[in-house]
2 protein chains.
Amino acid sequence: MATIDDVAKLAGVSKGTVSSVFSKKRPISQPVTDRVLSVAKELGYFPNHIARSLAIKKTMIVGLKMPISKAGNLSQFEIQMLNGVIKECTKHGYRILLDTLPEHDDLTQFSSDPVDGVIMLNPRKHDQRIERYEQMRIPLVLVGRPDPLDSSISYVDNDNEQLAYEVGNYLLTQGHRSILFLNASSDMTVSVDRVNGLKRAFDVQGTPFHNAKVMNFDRKHHATPTEYGYISMMQSHQKIPFTAVVADTDRVALGILRATRELGMEVPRDLSIVALSNDVRLAEEMTPKLTSVELSAEMLGAEAGRILIQKMIDPQTVEQCIVDAQLIYRESCRTL
Amino acid sequence: MATIDDVAKLAGVSKGTVSSVFSKKRPISQPVTDRVLSVAKELGYFPNHIARSLAIKKTMIVGLKMPISKAGNLSQFEIQMLNGVIKECTKHGYRILLDTLPEHDDLTQFSSDPVDGVIMLNPRKHDQRIERYEQMRIPLVLVGRPDPLDSSISYVDNDNEQLAYEVGNYLLTQGHRSILFLNASSDMTVSVDRVNGLKRAFDVQGTPFHNAKVMNFDRKHHATPTEYGYISMMQSHQKIPFTAVVADTDRVALGILRATRELGMEVPRDLSIVALSNDVRLAEEMTPKLTSVELSAEMLGAEAGRILIQKMIDPQTVEQCIVDAQLIYRESCRTL
DNA sequence: CTGAAAGCGCTTACAG
DNA sequence: CTGAAAGCGCTTACAG
């Protein structure tokens, strides 16, 4: 397509002048402006965003690192969190580079993207990527806390330890003593926090923590979260005498529910279920309605966006933001 | 951050060599490779995607033009369609530049984005943007047909004329003679197609088309689709004696439903409703369950992605793809 | 296998 | 108000 050179030549002016007509960064006389614009139109010229970005070192794009699960569709958590990010970014004129590609181990493949800042979901333990962004001087905000904790890294998160504590406490108070915990995958920091919270509940109530059986999602063994719930339930119900299960997400709970039906069990009569990530509509549609935790994903996304924008203005900015979450009591638990 | 020059200098090689080590486009001896890599690591060097894109004229990014409604959240249609695009793009290693920014009329503000191709939602009549992409030689696929039709433009769409015909025919067959049609905004091509389809139904059944009252969504008057439905219903029910209403989307239907409740009307006893865009879960949750059209948004997105990828390989590609949609009969209509 | 140099399409001090 | 030239950080023929 036509370049700034073509326009400059045909209009009989310098590139700098053409540049200024479009960027309005320095005043150009009306006659010249008109001539340039008309030539540009004739040639079908539009400034090249990439070349411009390279020169000014700014893209007005925010990167969103959100590797997609194998099944492919965005989870309700991801959608809501995306909604929050979009709102905040749109408000400030930023667009979003949605990066759903799987992570590459090969350092060689890692490049600095055409973005002014990055929001990264689900940081892992000792996540290499964090320091890479630091080296590249690209402002970064995590959704989920860094592990180990680091007061120089900005992030938004729920208080997962506390949440798991509340859930554990709720179930223990109801009289449950043996609990199956279908946790997220073991390399996620949230998994650690949850186990700690659950353990604290057991400690406080004076119940030995070995009465809790913790499992982890593993994409090698489970194609989908629902399958994770289903398979784990089918495999565990004989071996361990648990009366309650804490599920990573409502999708996992869906799988558990399916398993209980096949096993002739009834919820909550024979088994109590709590899910940690809440898709309100799903939770309310399930039979029985699912007791679950509302993570306020949209708020997480919006706060991440807000902090990132702050940080792109002033790179010194560090903010760690805990978003309120809430256990919502519905119908899937009962007192023993 | 460190550039290719820094690495080259410190490693005592040329930039071309460093480039080759990372791109693997030409073989570099093991010792040199090792030296370069170790220096790169020491310096925290990562190739700059923007500079690279400028040189090779390729970004591996697909643009998705999807201006966000004022309310802010993605509609169910948009989410599903995004899911389809994501799946297809991820499969081929593309990322997505999600552009939710409102359109700018100022030609001067239009630039060629850092993308290899573009998927554009909701093309308008004589949409200027289409020829701009053509001038920029950026492969383009529309979601929604171009207006006027143009056999050189690739797009995916439902057969909206036929769909509206089926809906009209259904209602007329049920005995409805006066119908309120809360259409999409008038500058969208889909609006035209729907009116034509509805008219055809009236013609076939021998009912004069002036018995259909067509209104259009207008963001100046309606803050949200739901409000559009609510207000239109409140304003029209006295003036026109319609027995059925065709709503642009299920959100609009939600507003209508709210209005009927306030007016002491009952659906479908006093009013039949059909919605043209279907969010399955919303439709099934409504009381009564909403008769609506399933547009297969995910399929639209996936097909758009597929065609675009095809087109980025071979720019000559032109494909126009009609995705099946289906009228799903639930509880919101009745025979008079 | 490696280097020197031109080029990708912009912007921006500097000079006038 | 406008121009000439260097620079942004890469890639890629061309030459050896």
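Residue numbering restarts at 1 for every chain, and letters A, B, ... go by the order of the sequence lines. Treat the numbers as computed from the prediction; the structure is a model and nothing was measured.
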### Query
Does anything in residues 50-57 of chain A reach DNA chain D, meaning a heavy atom under 4.0 Å, and if so which residues?
Leu54(A), Ala55(A), Lys57(A)
### Query
Which residues in residues 23-31 of chain B have at least one heavy atom lying under 4.0 Å from any atom of DNA chain D?
Lys25(B), Arg26(B)
### Task
Could you list the residues that satisfy ring pair (Phe, Tyr, Trp, His ring centres under 6.0 Å) with Tyr45(A), not counting sequence neighbours?
Phe22(A)
### Query
Going by the salt bridge (Lys or Arg N to Asp or Glu O under 4.0 Å) test, which pairs reach into residues 24-48 of chain B, not counting sequence neighbours?
Asp106(A)-Lys24(B)
Would you tabulate the side-chain donor-acceptor contacts of residues 305-312 of chain B under 3.5 Å, counting partners in other chains and residues two or more places apart, or write 'none'?
unit_1: Arg306(B); atom_1: NE; unit_2: Glu303(B); atom_2: OE1; d: 3.4
unit_1: Arg306(B); atom_1: NE; unit_2: Glu303(B); atom_2: OE2; d: 3.3
unit_1: Arg306(B); atom_1: NH2; unit_2: Glu303(B); atom_2: OE1; d: 2.7
unit_1: Arg306(B); atom_1: NH2; unit_2: Glu319(B); atom_2: OE2; d: 2.9
unit_1: Lys311(B); atom_1: NZ; unit_2: Ser154(B); atom_2: OG; d: 3.4

### Message
Could you work out, with side-chain hydrogen bond (donor to acceptor under 3.5 Å, both in side chains) as the rule, every residue matching Thr17(B), not counting sequence neighbours?
### Response
Ser14(B)
### Message
Could you tell me the boundaries of the chain A footprint on DNA chain C, defined by atoms under 4.0 Å from its heavy atoms?
### Response
dG9(C) to dC14(C)
Side-chain donor-acceptor contacts of residues 141-150 of chain B below 3.5 Å, not counting sequence neighbours, with atom names and distances?
unit_1: Arg145(B); atom_1: NE; unit_2: Asp193(B); atom_2: OD1; d: 3.0
unit_1: Arg145(B); atom_1: NE; unit_2: Asp193(B); atom_2: OD2; d: 2.7
unit_1: Arg145(B); atom_1: NH2; unit_2: Asp193(B); atom_2: OD1; d: 2.6
unit_1: Asp150(B); atom_1: OD1; unit_2: Ser152(B); atom_2: N; d: 2.8
unit_1: Asp150(B); atom_1: OD1; unit_2: Ser152(B); atom_2: OG; d: 2.7

### Query
Distance-only, no hydrogens or angles: does the Ser191(A) side chain make a donor-acceptor pair with backbone N or O of Ser185(A) under 3.5 Å?
yes
### Query
With a 4.0 Å cut-off on heavy atoms, is Tyr45(B) in touch with a base, just the backbone sugar-phosphate, or nothing at all?
sugar-phosphate
### Query
According to a 3.5 Å limit on both distances, what stems of 3 or more consecutive Watson-Crick or G-U pairs are formed with DNA chain C?
C:1-3 with D:14-16, C:5-12 with D:5-12, C:14-16 with D:1-3
## Note on the structure
In numerical order, the residues of residues 11-20 of chain B whose heavy atoms come under 4.0 Å of DNA chain C are Gly12(B), Val13(B), Ser14(B), Thr17(B)
### For Asp113(A), salt bridge (Lys or Arg N to Asp or Glu O under 4.0 Å) partners two or more places apart
Lys65(A), Arg95(B)
### Task
List in chain and number order the residues that pass salt bridge (Lys or Arg N to Asp or Glu O under 4.0 Å) with Glu88(A), two or more places apart in sequence or in another chain; answer none if no residue qualifies.
Lys91(A)
